[in-house]
Each structure stands twice: as structure tokens, then as C-alpha cells.
Amino acid sequence: KAKAAKRAVVIDFTATWCGPCKRIAPMFADMSEEYEAAFLKVDVDKNSEVSGSHGVTAMPTFAFYNADGEKHSETVRGAYPAKIGEILTSLGVKRVVKTTEDKKEE
């Protein structure tokens with residue numbers, strides 16, 4: 001769906017028992033509202049085949065795909081929201097500007 005919509009994708013490889021994963025989860029959720037990209041979460045314990053195919057050895061790990069579906073060469077291991085933002089910007093992902101009306105609805 002993201003490729004058809006020409007949207008970049010960021011995948012959060014996470015685990016329910018992971019402390020750093022729990023700390024970054026609210027920031028990841030906020031980023032999904034701030035950037036025009038698809039934000040996905042993969043539980044490594046429930047989807048070991050997917051996490052294994054991405055070479056995930058630590059949580060959280062974030063993988064990125066550009067709008068054409070090509071994997072970005074860089075991943076982020078650890079809870080570093082600023083670095084996630086940098087990579088999204090390098091992929092050309094735009095930030096959403098919330099209007100006063102949007103803020104009132106929250």
C-alpha cells in the first residue's frame with residue numbers, strides 16, 4: 001500500500017519486554033502523526049521470520065524504505081528519535097504541518 005501511495009516506510013522492530021522499545025513507543029507514535037510516511041511495528045517474538053530477514057539482532061531496530069520500496073542502506077539500532085527523523089528527511093519525507101483546527105480536534 002505504501003509503495004502504491006508513493007510513501008516512505010519506517011519499520012520499528014520491537015518486543016513487549018524491551019525497555020528501550022517501551023520508552024520510544026510514544027515518540028514513534030507521535031512521529032507517525034508528524035511525517036508523511038507509513039509507520040509499522042513488528043513484534044520480533046511474533047514475527048521472527050520477518051525480523052530475521054532484516055538482520056535484527058537488537059531492539060529496537062528501525063528499518064527504512066524509500067517511496068519506491070527500495071531498502072535504505074542505513075538502519076537505526078536503539079531509541080534515537082532524532083536519527084529516525086534525519087533518515088526520514090534524507091528520504092524526502094515531508095513533515096505534516098498541523099493547523100489550529102487540527103489541534104482543536106485533538
Side-chain angles (χ1 to χ4, degrees):
K1 289 181 182 181
K3 187 176 178 182
K6 292 289 189 188
R7 285 188 161 234
V9 175
V10 57
I11 304 171
D12 175 8
F13 291 95
T14 186
T16 57
W17 48 264
C18 166
C21 299
K22 291 176 186 176
R23 284 193 297 278
I24 198 165
M27 291 175 258
F28 188 74
D30 288 346
M31 291 177 92
S32 73
E33 299 291 325
E34 294 174 23
Y35 289 90
E36 293 180 354
F39 284 71
L40 309 173
K41 290 179 88 82
V42 173
D43 184 316
V44 298
D45 294 321
K46 293 180 180 178
N47 298 288
S48 59
E49 189 174 309
V50 174
S51 58
S53 70
H54 280 81
V56 174
T57 57
M59 279 70 67
T61 293
F62 299 89
F64 302 86
Y65 289 83
N66 67 21
D68 294 323
E70 299 167 356
K71 190 170 188 318
H72 189 274
S73 61
E74 197 170 357
T75 59
V76 174
R77 286 184 176 85
Y80 302 106
K83 184 65 178 171
I84 295 167
E86 285 175 26
I87 294 174
L88 288 171
T89 299
S90 77
L91 290 170
V93 176
K94 295 179 183 174
R95 290 188 87 152
V96 176
V97 178
K98 289 194 173 189
T99 65
T100 306
E101 289 300 313
D102 293 333
K103 291 177 184 176
K104 285 181 185 176
E105 291 177 18
E106 293 177 355

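From a predicted model like this one, the values you see are computed outputs, not experimental measurements.
Looking at Thr14 and Met59, their side chains never come closer than 4.5 Å, going by heavy atoms from C-beta outward. With contacts defined as side-chain heavy-atom distances shorter than 4.5 Å, the pair Asp45/Trp17 qualifies. By the 4.5 Å heavy-atom criterion applied to side chains, Ile87 and Tyr80 are not counted as neighbours. Using a 4.5 Å heavy-atom cutoff, the side chains of His72 and Ser90 are in contact.
Residue Phe28 is not grouped with residue Phe13 when hydrophobic side chains (ILVMFWY) are merged at heavy-atom distances under 4.5 angstrom, including chains of intermediate members. Both Ile24 and Leu88 sit in one connected hydrophobic cluster of ILVMFWY residues. Membership requires side-chain heavy atoms under 4.5 Å apart, directly or through other members.
Nearest heavy atoms, Pro81 versus Met31: O-CE, 3.5 Å. Among all heavy-atom pairs drawn from Ala79 and Pro60, the shortest one is N-CG, 4.0 Å.
Note: Phe62 CZ to Lys83 NZ = 13.5 Å, rounded to the nearest 0.5 Å. Note: Phe39 CZ to Arg7 CZ = 9.5 Å, rounded to the nearest 0.5 Å. To the nearest 0.5 Å, atom NZ of residue Lys41 and atom SG of residue Cys21 are 7.5 Å apart. To the nearest 0.5 angstrom, Ile11 atom CD1 is 9.5 Å from Phe64 atom CZ. If you take CD1 on Ile84 and OG1 on Thr89, they are separated by 12.0 Å, rounding to the nearest 0.5 Å. Annotation: the span from Glu49 atom CD to Ser51 atom OG amounts to 9.5 Å, rounded to 0.5 Å.
A distance-only check finds no donor-acceptor pair linking the side chain of Asn47 to the backbone of Val50 [under 3.5 Å]. Remark: the backbone N or O of Asp68 is paired with a side-chain donor or acceptor of Asn66 at under 3.5 angstrom.
Heavy-atom contacts from other residues, nucleotides or ligands closer than 6.0 Å to NZ of Lys94 number 12 or fewer.
Between His54 and Tyr65, the ring planes lie perpendicular to each other; the angle is over 60°, past the 30° to 60° tilted range.
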